[in-house]
Amino acid sequence: MRFWSRYFIPTLKESPADAEIPSHRLLIRAGLVRKLGGGLYTYLPLGHRVMQKISRICREEMERSGAIELSMPHIHPAEFWADGPRWGPVREIMFRADSAGAGKRGQKEPDLVLGPTHEEVITPLVKAEITSYRDLPKTFFQIGTKFRNEIRPRYGLMRAREFSMMDAYSFDADDQGATRSYLAMKAAYEAFFRRVGAQAIAVEADTGVMGGSFSHEFMVPAEVGDNDLFYNEESGYAANREKARSAIVPEGLAVAAPEHAMEEFPTPGVVTIAALEAAPYGVPADRQFKTLIYIGDGRPFAVILRGCDDLEEAKLGSLGFTLLRPATPEEIEPIMGAKPGSLGAVRDTVRNLPALAGIYADHAIRLVGNGTTGANRDGFHLRHVNVARDLQITSFGDFRRICAGEPDPVGGRPLKVRRGIEVGHIFKLGTKYSERIDAGYTDDKKQRHLFVMGCYGIGISRTLQAVIEQSHDGDGIIWPWAIAPFQVLVCLLDPQDSGAALVAGRLAAAAERGGADVLVDDRNERPGVKFKDADLLGIPLRITIGGRGLREGIVEMRWRGAAETLKIAVDESEARVEAAIRERA
RNA sequence: CGGGGUGUAGCUUAGCCUGGUAGAGCGCCUGGUUUGGGACCAGGAGGUCGCAGGUUCGAAUCCUGUCGCCCCGACCA
């Protein structure tokens, strides 16, 4: 039981100017956090309590799933990262942790870095400590601080540079085992998000820089989220934008037969899809082939899409490149023979075909069949180009960005789209990390194999804010019972009245017997101030004790977010409060 | 890193265009009156106007640079 007058809950009437979204404003106004710098926050006592509760529930669910808790350093020798498979892309967001010293070593490669996650630390550990199939499988987890020099911290705890994360790593003997570990973790995640009161849904996700074979993201639907989720409730399909597929191209659709002989025609100055759509050409965008040149790990390659489609860059990851960027016009011209705007992938028109690592076509171009594309000659295009007869294609794949309304790939129902906050992510990694550092075990036939790994993360601090974003009203936060900083607020309107204070003490004790964390507002403030603060803090159950009620022999009980106030007789109030709490908890 | 914005008291801000003693509300301190939805009165403390240069008799205000922060883009838990 804590007394507000002796605790520390600095609430604010007005929002700080730099908080834009409701959850960020409420974090600050309700006295949960204060900003130290961009993406850096102090957890005040209330915020700290919520973090502790979320962490505890997370720990319980991880342990229930069989995962084993440990704790790794935050500071890592940089060589562990340099030896790992993703140093190149990841180092850009890593802080260096070298001696502040006299600034003498600033330009050198770092000796020490701050951990953004721990695959590069735990894989060598397991390599050294686990050598037999008898010790598998194992899943380890920890809950702690991560450091990422995000290019753009945002929205308070939503994307911070220092944040709290639960990270877990599974090691299995084989692929089936890894899938079992993955599914166990997925179930643990679902239980965790349910318990903390977050309405998170699992969606298929891209594996990104993490690599690996498949993955799910856990998303809290919210307008302020920066992920697009495509879904259909009836079919149960859900995926994020990077991964989402649609069934606009029927299975096994045959490419239309050629209709005419291909022919070149002049298109002076036409370098966009839109210009070719316009008079005098009048070629609809969905009858055009768009040819894009990218550089993947230093090698150029081409992607063909319908003119009306956009490339979903993340989907290029399926081609196996780790560093991707669009090619520059200077890089393109010597290879293709033309500048962007006149490119095509028609056989024999590419000037230096061997320079291309491949020509990858989106399935949807089969819907076009015969269309128009660039001639690899500035100012000329080709019409009556047939996908099968004329285009030089290495392989087909899914590269386009899908749109809401397209049929979902499971049942063909229209896909809907909404925004979401990513609060958790699970990856089936495979052997990407174990192979890199040759981490493996010996089986019962004395054969050596690589560990098949999975890795898993839950943003603890981000979950905190996502819950607020999902559960608030115009007056303040509405905490789910399980993670509320306090579950019961005893609102003592006349702290000077010893009779009222006595009742308050008894009710607070009763609430604690019921299993609640109790805060007593014993401040010398006017009732209006206390009520406003109570709503702002969002403690689930408020018990109000005031002179007016006591004269009638009653106290009041009100659930945050509920419209009605329950009046209960003082004599039965202790039993009623205790019972109400037991029922809720 | 590109684009846009912003920096004045603990918080929210006015003043800046058109240079001339830095103002308000909240919060805080003292006293009094109040006390069921952010009270009222009286008094008070608190600001080298982000920082550094420059222009000027004079700069919060104009110019240059720099730093911080916020928002939009690519990335992430």
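Chain letters run A, B, ... following the sequence lines, proteins first and then strands; every chain starts at 1.
Here Asp167(A) lies out of heavy-atom contact (under 4.0 Å) with every strand. At a threshold of 4.0 angstrom between heavy atoms, the contacts of Arg34(A) with the nucleic acid are absent. Residue Asn227(A) is classed as a base contact, given a heavy-atom separation below 4.0 Å to a base. Among the heavy atoms of the strands, none lies under 4.0 Å from Thr463(A). Residue Asp535(A) is classed as a base contact, given a heavy-atom separation below 4.0 Å to a base. Within the 4.0 angstrom heavy-atom criterion, no nucleotide atom of any strand lies near Ile458(A). Note on Gln496(A): nothing from the nucleic acid sits closer than 4.0 angstrom, heavy atoms only. Heavy atoms of Arg558(A) sit under 4.0 angstrom from at least one base atom. No contact: Glu92(A) has no heavy atom under 4.0 Å from any strand. At a threshold of 4.0 angstrom between heavy atoms, the contacts of Ala160(A) include nucleobase atoms, whether or not backbone atoms are also involved. Backbone-only contact: Tyr155(A) has heavy atoms under 4.0 Å from sugar-phosphate atoms and none from a base. Residue Val529(A) is classed as a base contact, given a heavy-atom separation below 4.0 Å to a base.
Nearest nucleotide to the Pro527(A) side chain, out of rG38(B), rU35(B), rA77(B): rU35(B). The side chain of Glu20(A) approaches rC71(B) more closely than any other nucleotide in the set rC76(B), rC1(B), rC71(B). Counting only heavy atoms from C-beta on, Glu14(A) has its side chain closest to rU12(B) among rC76(B), rU12(B), rG36(B). Closest contact between the side chain of Arg154(A) and the listed nucleotides rG38(B), rC72(B), rA77(B) involves rC72(B). Comparing atom distances between the Pro16(A) side chain and each of rC11(B), rG37(B), rC69(B) picks out rC11(B) as nearest. Comparing atom distances between the Lys35(A) side chain and each of rC75(B), rC70(B), rG27(B) picks out rC70(B) as nearest. Checking rG38(B), rU35(B), rA77(B) against the side-chain heavy atoms of Leu536(A) singles out rG38(B) as nearest. Comparing rA77(B), rU12(B), rC72(B) by their nearest atom to the side chain of Arg152(A) picks out rC72(B).
When each of Ile93(A) and Leu12(A) is assigned the nucleotide of RNA chain B with its nearest heavy atom, Leu12(A) is the one assigned upstream, toward the 5' end. Both Lys532(A) and Gly457(A) sit near RNA chain B, but only Lys532(A) has its closest nucleotide nearer the 5' end.
Remark: the Arg523(A) side chain and the rG38(B) base include no donor-acceptor N/O pair separated by less than 3.5 Å. Glu525(A) contributes no side-chain N or O that forms a donor-acceptor pair with the base of rG38(B) under 3.5 Å. Side-chain atoms of Arg462(A) and base atoms of rC76(B) include a donor and an acceptor less than 3.5 Å apart.
Between rU66(B) and rA42(B), the two P atoms lie 50 Å apart (nearest whole Å). Rounded to whole Å, the separation between the C1' atoms of rC26(B) and rC40(B) comes to 15 Å. Comparing rU61(B) with rC17(B), their P atoms are spaced 9 Å from each other, to the whole Å. Comparing rA45(B) with rG37(B), their C1' atoms are spaced 31 Å from each other, to the whole Å. Nucleotides rG32(B) and rG23(B), compared at atom C1', are 28 Å apart to the nearest Å. Look at the C1' atom in both rU13(B) and rU56(B): the space between them is 29 Å, to the nearest Å.
Side-chain atoms of Arg86(A) and Tyr433(A) form a donor-acceptor pair, as typed in the model, at a separation below 3.5 Å. For the 3.5 Å distance criterion, the side chains of His74(A) and Lys146(A) fail to qualify, holding no donor opposite an acceptor.
The minimum heavy-atom distance between Ile554(A) and Val570(A), with the atom names listed, is N-CG2, 3.7 Å.
With a 3.5 Å ceiling on both atom-pair distances, the Watson-Crick or G-U wobble partner of rG25(B) is rC11(B). Pair assignment for rA39(B) gives rU33(B), based on Watson-Crick or G-U wobble hydrogen-bonding distances that are each under 3.5 Å.
No side-chain donor-acceptor contact under 3.5 Å links Tyr182(A) to the backbone of Ser170(A). Formation of a donor-acceptor pair under 3.5 Å by the Arg148(A) side chain with backbone atoms of Pro116(A) is found in this model.
In this pair, Phe163(A) lays its aromatic ring flat on the base of rA77(B), centres within 5.5 Å and planes under 30 degrees apart.
By the 4.0 Å N-to-carboxylate-O rule, Lys243(A) lies too far from Glu312(A) to be salt-bridged with it.
Atom-to-atom, CE of Met166(A) to C1' of rA77(B) comes out at 10 Å; the value is rounded to the nearest Å.
Partner of Asp521(A) under the salt bridge (Lys or Arg N to Asp or Glu O under 4.0 Å) criterion, out of Lys532(A), Lys530(A), Arg542(A): Lys530(A) alone.
Dashed line: the shortest gap from a side-chain N or O of Lys13(A) to OP1 or OP2 of rG27(B) is under 4.0 Å.
The aromatic rings of Phe486(A) and Tyr7(A) lie perpendicular to each other, with more than 60° between the two planes, well past the 30° mark.
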